[in-house]
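First comes the structure, then the notes that go with it.
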Number of protein chains: 2
Amino acid sequence: MSDLNNRRLEIDALRAIWAIRHHGGITRAAEALGLSQSAVSHKIKRLETSLGCELLNRKAGTTAFTTEGEELLDYAGRILGLHDEALLSLSKTTLAGRIALGLTEDTTCSALAHILGRFRRLHPDVSVRTQVRMSLVLRAMLEQGELDAAIVQVFAHEVRPTDVILFRETLHWVKHPSLLLPQTASVPFLSFHDDCFYRHWALDIGQDGGIMLETVFECASAAGIIAAVSSGMGVALLNERHLRPEMQIITDRFPVPPDLVYVVRRGRKVRNAALDTLVAEIESEISRYGGLALAS
Amino acid sequence: MSDLNNRRLEIDALRAIWAIRHHGGITRAAEALGLSQSAVSHKIKRLETSLGCELLNRKAGTTAFTTEGEELLDYAGRILGLHDEALLSLSKTTLAGRIALGLTEDTTCSALAHILGRFRRLHPDVSVRTQVRMSLVLRAMLEQGELDAAIVQVFAHEVRPTDVILFRETLHWVKHPSLLLPQTASVPFLSFHDDCFYRHWALDIGQDGGIMLETVFECASAAGIIAAVSSGMGVALLNERHLRPEMQIITDRFPVPPDLVYVVRRGRKVRNAALDTLVAEIESEISRYGGLALAS
DNA sequence: ATGCCGTGATCGAAATTTGTCATGTGCTCG
DNA sequence: CGAGCACATGACAAATTTCGATCACGGCAT
């Protein structure tokens, strides 16, 4: 394991194992980091030999972390956090002002929370007011000028040139295997809140495609929908990351749902140096880690 | 400043600026890190260009940190702390047992405190009992088997092969310019506590060199001695790091004081895995940073 | 079983980074 | 003013890192 003293944990290597964790696999991590797969593989190997222990359990094509790996991940997260903050702190300019920001519930528990917290620390003279609403509401607020920017979900084909793409999500029609779809009667539909725009799309297709959806369940949180699907109450539109093993993806019967994208969308004609910086920090975080970590 | 994203702070570069701070200058830092002067100079330059700002104020031969430099230093300390702890944590073996450790007052506020704290965190099943005494007392306790190891000050020529050298110190005879040494009468001597072995040496030379020293002031803490010297109360033996600009080093009249060394000295025939690890950690810290930081 | 993927390891060559030696510059001090 | 110290700089050598290609392995469907 080389000499006990000359050992060091490369920042890039730490970022690599962090990416492996959050993208599930070396290949995806490499892609996210803009490196080749072999480069990342080597990085990990170097890390392992320098530490003298295995970090990954390369049993099969699957990638699992060893105990040591998990331990290092914990440190990696903390070190990278400090590191990135140091980097920002050194290139910061003194900012002051106000930012009115909108978020969806989903994104509150993602890496965005960290970015916002750090932004507060680094720019204490900027007051950030954050409101959590559903995407459709946030979009309306942006139009009204009530928000300077918002992180909203939009259909992939609706992305504007000025939007900053955070990550993409695929939507699926799902049901529990025990639920058999009636051929003639209307299909029981499990829906998010009234204002959720999946629902708008879902109900729209009824008119176009001649499929009758009957909303039998309404709940604002994903957890509720997941439970309802799992108990066979009906069909629903769910994100990839909300899929559970017991769920069945419905590929026939319904039109393929459009892809979704989370974006940072800025309000109309807002000129705001503080906001520029915040958006730049989000973009930089994305490019550094190849996307934003989102809790599932 | 390269692309805002691809920037990273190399661990080695952070260690370099940390070393520059603690050894006062690039040349010394390079020596401490076991690198050439130009290597360290290049490292800093790279860091600066990658950050797009000056870290050091290279006005003259002197090396001062800029505001950004100081800011980075702060982060560097925290990042390196985490980094080193991660490194240790991953190579640790489960330890249990007891360690009875002796320290001098000087060393309590050095990097040793960090090492001890970290050791506690990493090895919660090892109970470390620490006692702070003067070097002579500690040596006696080691002999008696009351301590497993101690960090003590010894004369450079007394270092044993098994001792781990922490850092060296030069002792000087000092006085305030306003104090004129009497040619015939005895010289007023400002002394540490009775058990301090500088004092033993100082009083011994009286017999060998025919110089009369009269102890006119006794104080256990360096701060007291420094104040007494500065007010012209007498002469004293002081560490290099306790010298103040107003003090005058006496080069004639007295024999040159022997060099001092801080060492980790282990007790007699103590076999203790936990102690081995602790000593190894101290050694590793020294070799990584080229010495131990000691508050002045 | 028998081929496919998909995922990761491995190897040699190329590119990049890092370190060293030799030398240049600027400042201080005797 | 010249010696000495501290650092910068440039050219070159050494090391490390990356890439592309290829190999090996385990699942999965036929």
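Sequence lines set the chain letters: A, B, ... in the order given, protein chains first and strands last, and positions in each chain run from 1.
- The CD1 atom of I17(B) sits 15 Å away from the P atom of dC7(D) (whole-angstrom rounding).
- A salt bridge between D12(B) and R8(A) is present, with a side-chain N of the basic residue lying under 4.0 Å from a carboxylate O of the acidic one.
- Atom CD of E48(B) is separated from atom C1' of dA8(D) by 11 Å (rounded to the nearest Å).
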N/O donor to acceptor pairs below 3.5 angstrom from side-chain atoms of residues 65-82 of chain B, sequence neighbours left out:
residue	atom	partner	partner atom	Å
T66(B)	OG1	E54(B)	O	2.8
T66(B)	OG1	L55(B)	O	3.1
T66(B)	OG1	E68(B)	N	3.4
T66(B)	OG1	E68(B)	OE1	3.4
T66(B)	OG1	G69(B)	N	3.0
E70(B)	OE1	R21(B)	NH2	2.9
E70(B)	OE2	R21(B)	NH2	3.0
E71(B)	OE2	S89(A)	OG	2.2
D74(B)	OD2	R78(B)	NH2	3.4
Y75(B)	OH	E85(A)	OE2	3.2

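- dG19(C) atom P lies 11 Å from atom CD1 of I44(B), rounded to whole Å.
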Report all interatomic pairs (protein N or O, nucleotide N or O of nucleotides 13-19 of chain D) with separations under 3.5 Å.
residue	atom	partner	partner atom	Å
dT17(D)	OP2	R46(A)	NE	3.2
dT18(D)	OP1	K43(A)	NZ	3.2
dT18(D)	OP2	K43(A)	NZ	3.0
dT18(D)	OP2	R46(A)	NH2	3.3
dC19(D)	OP2	S36(A)	N	2.7
dC19(D)	OP2	S36(A)	OG	2.9

Solution key, residues 24-36 of chain B side-chain donor-acceptor pairs under 3.5 Å, sequence neighbours excluded:
residue	atom	partner	partner atom	Å
S36(B)	OG	S38(B)	OG	3.3
S36(B)	OG	A39(B)	N	3.2

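- At whole-Å resolution of the value, CD1 in I20(B) and C1' in dA8(D) are 13 Å apart.
- Note: CD (E31(B)) to C1' (dT20(C)) measures 16 Å, nearest angstrom.
- H42(A) meets the side-chain hydrogen bond (donor to acceptor under 3.5 Å, both in side chains) test with no other residue; sequence neighbours excluded.
- Looking at residues two or more places apart in sequence or on another chain, you find a side-chain hydrogen bond (donor to acceptor under 3.5 Å, both in side chains) between S178(B) and H176(B).
- Between the CG atom of L9(B) and the C1' atom of dT18(C) there is a distance of 17 Å, rounded to whole Å.
- Separating the CG atom of L56(A) from the P atom of dG8(C) is a distance of 9 Å, rounded to the nearest angstrom.
- Rounded to whole Å, atom C1' of dG8(C) lies 16 Å from atom CG of L33(A).
- Here S230(A) pairs with E246(A) under the side-chain hydrogen bond (donor to acceptor under 3.5 Å, both in side chains) rule; sequence neighbours left out.
- At a threshold of 4.0 angstrom between heavy atoms, the contacts of S41(A) include nucleobase atoms, whether or not backbone atoms are also involved.
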